[in-house]
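Atoms within a ligand are numbered from 1 in the order they appear, just like the ligands themselves. Positions are given from 1 along the sequence.
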Amino acid sequence: MKVLVVGGAGYIGSHAARVLRRNGHEALIYDNLSTGYARLANGFEFIQADMADSKTLTSALRHVDAVMHFAAHAYVGESVENPRKYFRNNVEAGLTLLNTCVDCGVQKIIFSSTCAVYGVPVKVPITEDTPRDPVNPYGVTKLVFERALEAYDRAYGLRFASLRYFNAAGADESGEIGELHDPETHLIPAALEAVVGVRPQLEVFGTDYPTPDGTCVRDYIHVNDLAEAHVLALKHLEQGGSSVAVNLGTGRGTSVKEILDAVEKATGRPVPRRVGPRRPGDPPALVADPSRAQQLLKWKATRSLDDIVATAWKWMQNSRTVALHK
Ligand code: UDP
C-alpha cells in the first residue's frame, strides 16, 4: 500500500516510514518541519507542507491508500503554558487532515495516541477499558481526536487504529535515525547527554514516590516495536478489520534509577546526577497491559530495555559525529 506519513520527518514517524518500506509498502512523507528534520526524511518522497493546508493535502491524498498521523505537538509542560498552540495544531489542523481524508475517499487512518488520554490511572497495568480522563491539555487534544475518529467511523465509515503509546525510546538499529528533540526533555537521551557532558548532570525528578525505589516507573517501548505495530494495524484494516484502540507498551515497568543503571551498563560510564523535586504532572507509575494489541493485531514488543539503551547510545554517537562534521 502507499501510505501518507504525516509527521514523517519526526522521531516516531521517520521510524514508521522505514518499517513500512521494509514490509513492502511505499511511504510518502508529509511534514512542515516545525519540529521535524529533513535529514530524517532522507531517501523518501517528501512534501514539506502544513497539515492545515488542505489544498496540498488534497493533492497528496489523491495518491495514497492510507494515512499514518504523527504530526502533533507533544510536550506536556508546554501544553499547560500554551494550550492554544496544542488545540490549533493537534485538534484544528488534525481535523483538517481528517476531513480531507473523508473528502478524498481515504478510509484508513492510523493515529498516534498516547497513554496520556488516561490521566492518572486508578490501577496499573492499564487496560483500554480504563476511563479516559486526561489531566493536561496535551492529553485532552489526543482524546478529542480519538473521539472524532469514533464519530467519523460511525458516520462516514472511516476506519482507524488509535495506538496509545507508552514511553517511546531507542533508535533504528541502523544508527541512521533516532530521537532528535530541541530541547531534549526525555529521560534516556537526557541521561546520555549527561554521560557525554552535553549537559552537566541528569536531574532525577523526585525520589519520594510510592514505588519500590522511590523514583517514577514507566513502560519504555522501543520505537521500532511501535513502528511495527503501525504496520500490523494497517494490515488489520486492509484485511477488513474493524477500528481498534490499543495500548502499545511492553507490560514491564522500569524506574528512573533502573534506566540510569542500564545507561551506565551500556556506555560503561557514570551518569552524573542530582536529585531534584518532582516534576508537576508526573504520575508515580504508568505501565501498559498490552494484551489487546496482542490479541487484535498479533503484535508484541520484542526488544528489551538493553536494546533500547544500546540503540539510543549508538544513535547519539552517530548524530554527534555528523553534527561535528557538518
Ligand atoms: N525524568 C527525570 N529526569 C529527566 C527527564 C525525565 O527524572 O531529566 C523522569 C520523569 O519524571 C518520568 C520519567 O523520567 O518519570 C520519564 O520521563 P520522560 O520525559 O522521558 O517521558 P514522559 O513519561 O514524561 O512521557
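A side chain to side chain contact (heavy atoms under 4.5 Å, CB included) with L20 is found for exactly one of E26, K2, M68, namely M68. The side chain to side chain contact (heavy atoms under 4.5 Å, CB included) test with E179 is passed by exactly one of H15, H186, M316: H186.
Looking at atom 1 (N) of ligand 1, its nearest protein heavy atom turns out to be F205 CD1, 3.5 Å. Taking atom 5 (C) of ligand 1 as the reference point, the nearest protein heavy-atom neighbour is T185 O, 3.4 Å. Remark: minimum distance from atom 9 (C) of ligand 1 to any protein heavy atom is reached at V256 CG2, 3.8 Å. Looking only at protein heavy atoms, the nearest one to atom 21 (O) of ligand 1 is N167 ND2, 3.1 Å.
A salt bridge is defined here as a Lys NZ or Arg NE, NH1 or NH2 lying under 4.0 Å from an Asp or Glu carboxylate O, and E176 with R39 fails to meet this definition. Salt-bridge formation is detected for the pair R278/D208: a Lys NZ or Arg NE/NH1/NH2 atom is positioned less than 4.0 Å from an Asp or Glu carboxylate oxygen. Under the 4.0 Å criterion applied to side-chain N and carboxylate O atoms, D289 and K123 are not assigned as salt-bridge partners.
Neither the backbone nor the side chain of Y165 has any atom closer than 4.0 Å to an atom of ligand 1 (non-hydrogen atoms only). Only the side chain of R279 comes within contact range of ligand 1, with a heavy atom under 4.0 Å; no backbone atom does. By the criterion of a heavy-atom distance under 4.0 Å, the side chain of L202, and not its backbone, is placed next to ligand 1.
On a distance-only criterion, D282 and ligand 1 share at least one N/O pair closer than 3.5 Å. At least one N/O-N/O distance between L187 and ligand 1 falls below 3.5 Å.
Separation of the H69 and Y30 ring centroids does not fall under the 6.0 Å cut-off.
Remark: ligand 1 atoms within the under-4.0 Å shell around heavy atoms of E203 are 2 (C), 3 (N), 4 (C), 7 (O), 8 (O). Of all atoms in ligand 1, numbered sequentially from 1 with element shown, those under 4.0 Å from a heavy atom of C216 are 15 (O). Counting the atoms of ligand 1 from 1 in the order shown, those under 4.0 Å from a heavy atom of V204 are 7 (O).
Classified by interplanar angle (parallel below 30°, tilted 30° to 60°, perpendicular above 60°), the ring pair F111/F145 is tilted.
A donor and an acceptor atom, one from each side chain of N99 and Y152, are located under 3.5 Å apart.
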Go through the steps to decide whether N167 and D219 satisfy the test side chain to side chain donor-acceptor pair (under 3.5 Å), and finish with yes or no. CA-CA 6 Å; N167 284 60; D219 185 338; over 6 Å; no
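Residue Y220 places a heavy atom less than 4.0 Å from ligand 1.
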